[in-house]
Amino acid sequence: MSLVRTGRRISSGAPKPGEGYGPDAEQRVAGVGGWSVGAQANLAALMRWIAWGLIALGPLLGGLAYLSVPSTSAAPAPKAAPSAPTASGGQGAAGFATLFVAAYLSAGRGDEPKLAAYYPPATGLQLEGVSGQHRGEQLTVVRLRQSEASVWSVTIAARVIGVQTPTSSAQPGGSPTGPAEPVRYFQVPVATASGGGGVTAYTALALPAEVSAPPRAKSPEMVYGAMGPALPTDPRTQAVTSFLTAYLTRAGAELDRYLAPGTQLTAPSPAPYSGIAVDQLAVEGESGSEPTVSVPGDGTTLRLLVAVRATGQDGVRLPLTYALTLKARAGRWEIASLDSAPAVTRPTPAPSASGSPAPAATPTP
């Protein structure tokens with residue numbers, strides 16, 4: 001096979017050494033991949049700007065994405081069921097028991113439904129006697145004790161009217177007594193429960209039980225000495241008499257002149273008595289009987305127990321007792337306070353294990 005030579009040279013697309021680049025060469029290069037060198041440079045610059053733009057917009061886009069997420073709120077905490085406070089439950093139980101005892105004392109035949117309102121099993125009772133033949137007066141709560149978490153034991157004192165008692169005299173010829181009005185005591189167990197809406201419901205767990213009177217407490221030792229006569233020459237008697245006269249007979253007129261600075265008292269109104277007389281004084285820490293005619297230095301305080309006879313508008317004299325605190329100022333005694341109760345001494349502490357003597361009792365402030 002013979003080859004025929006032609007006058008044309010087949011180009012490989014790349015210039016040979018020494019051939020150089022010209023217009024034809026640029027056309028050849030531009031034809032490689034369809035991109036020129038300038039276009040490639042512009043594309044690289046554009047990509048760099050896009051990358052920098054995305055970096056700069058990254059925080060903003062992230063914030064927008066966070067804000068676009070729907071917020072979810074936590075479920076509200078369940079509300080605790082309302083419960084009646086202990087003190088309130090005790091007061092309500094005391095009132096409930098008082099009403100129950102009043103209905104119980106006056107109940108008779110046919111009154112079973114009345115008692116069932118307090119004690120539901122009472123519908124099965126068979127009461128005897130005439131309804132209303134007996135009744136309770138002056139019903140008072142004398143003891144309130146919580147025996148269980150929701151159970152109160154309430155003791156009610158009642159003066160029972162309409163009860164006949166045997167004669168008090170066993171001697172021949174003794175006169176019988178009239179209708180007695182003894183004070184009797186009834187213990188009632190009351191259960192409490194939530195009645196809805198924050199109120200407390202009550203029910204009796206049994207019928208009233210009659211019990212003995214509560215024991216009488218031993219009187220504590222007081223800070224005052226023995227009662228002694230209130231001498232007219234004693235400055236303490238003079239101060240107390242002037243104050244109580246204004247306090248009880250003048251409805252507070254000129255009361256301030258007898259009070260220490262800073263003390264405020266309101267007298268009963270209208271004035272309940274027409275006159276008063278101070279009979280006896282018991283002075284704090286005083287045991288002697290020597291008369292007192294002087295007033296100590298300013299600021300000295302002293303507590304007194306004062307026995308008074310007050311004459312009513314009908315002329316009847318009534319004994320009264322006042323606990324007062326006096327304060328010395330400018331050579332005279334003034335009333336610093338009308339105390340709510342006489343002052344008692346603190347109990348003596350028990351001896352320590354080492355056998356050392358216990359400190360002596362001290363008066364309460």
Side-chain angles (χ1 to χ4, degrees), residues 73-163 181-220 266 268 339-342 344 347 364:
S73 58
K79 295 183 179 180
S83 58
T86 301
S88 172
Q91 295 172 359
F96 181 86
T98 302
L99 295 174
F100 185 23
V101 170
Y104 170 82
L105 291 176
S106 63
R109 189 178 299 108
D111 287 338
E112 293 83 359
K114 295 181 181 179
L115 299 186
Y118 304 93
Y119 177 56
T123 54
L125 296 176
Q126 291 184 353
L127 299 177
E128 299 180 358
V130 179
S131 176
Q133 181 178 3
H134 304 153
R135 69 181 187 277
E137 293 186 352
Q138 302 176 349
L139 277 72
T140 304
V141 177
V142 295
R143 187 184 183 191
L144 179 62
R145 183 173 60 90
Q146 191 171 16
S147 58
E148 300 290 345
S150 60
V151 178
W152 295 84
S153 176
V154 187
T155 302
I156 307 294
R159 189 175 298 278
V160 183
I161 306 299
V163 177
E181 298 178 0
V183 176
R184 295 158 66 177
Y185 300 85
F186 299 88
Q187 182 175 281
V188 182
V190 179
T192 64
S194 177
V199 300
T200 304
Y202 305 93
T203 187
L205 298 180
L207 290 170
E210 188 155 357
V211 295
S212 61
R216 180 175 299 176
K218 181 181 178 181
S219 297
T266 302
D339 302 332
S340 58
V344 299
T364 56

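When reading the values below, keep in mind they use all heavy atoms of this one structure, side chains included, and skip hydrogens, waters and symmetry mates.
Taking both residues in full, the closest heavy atoms of Y185 and P214 are given as CE2-CD, 3.6 Å, listed atom of the first, atom of the second, then distance. V154 and A94 make their closest contact through CG1-CA, 3.9 Å (heavy atoms, listed as atom of the first residue, atom of the second, distance). Closest non-hydrogen pair, G90 versus L144, comes out as O-CD2, 3.6 Å. Closest approach of A116 and A122 over heavy atoms only: N-CB, 3.7 Å. A pairwise comparison of heavy atoms in L105 and G136 identifies CD1-CA, 3.7 Å as the closest pair. Closest heavy-atom contact between P208 and V101: CG-CG2, 4.4 Å.
Separation of atoms OG1 (T192) and CD (Q146) is listed at 7.5 Å; rounding is to 0.5 Å. Between the OG atom in S153 and the CD atom in E148 there is a gap of 11.0 Å [rounded to 0.5 Å]. Atoms CD and CZ, on Q126 and R109 in that order, are 10.5 Å from each other to the nearest 0.5 Å.
I161 pairs in a side chain to side chain contact (heavy atoms under 4.5 Å, CB included) with only one of the listed residues (Q138, Q133, E137, H134), which is E137.
In terms of the salt bridge (charged side-chain N to carboxylate O under 4.0 Å, His left out) criterion, E112 has no residue partners (sequence neighbours excluded). Shown here are the ring-ring contact (aromatic ring centres under 6.0 Å, His included) partners of Y118, two or more places apart in sequence or in another chain: F96, F100.
Applying the salt bridge (Lys or Arg N to Asp or Glu O under 4.0 Å) test to every pair with at least one member in residues 114-134, sequence neighbours left out, gives these pairs: D111-K114.
Inter-residue side-chain proximity for I156 and V141 is flagged as met; some heavy-atom pair is nearer than 4.5 Å. Side-chain contact between L127 and L115 is present, with heavy atoms from C-beta onward closer than 4.5 Å.
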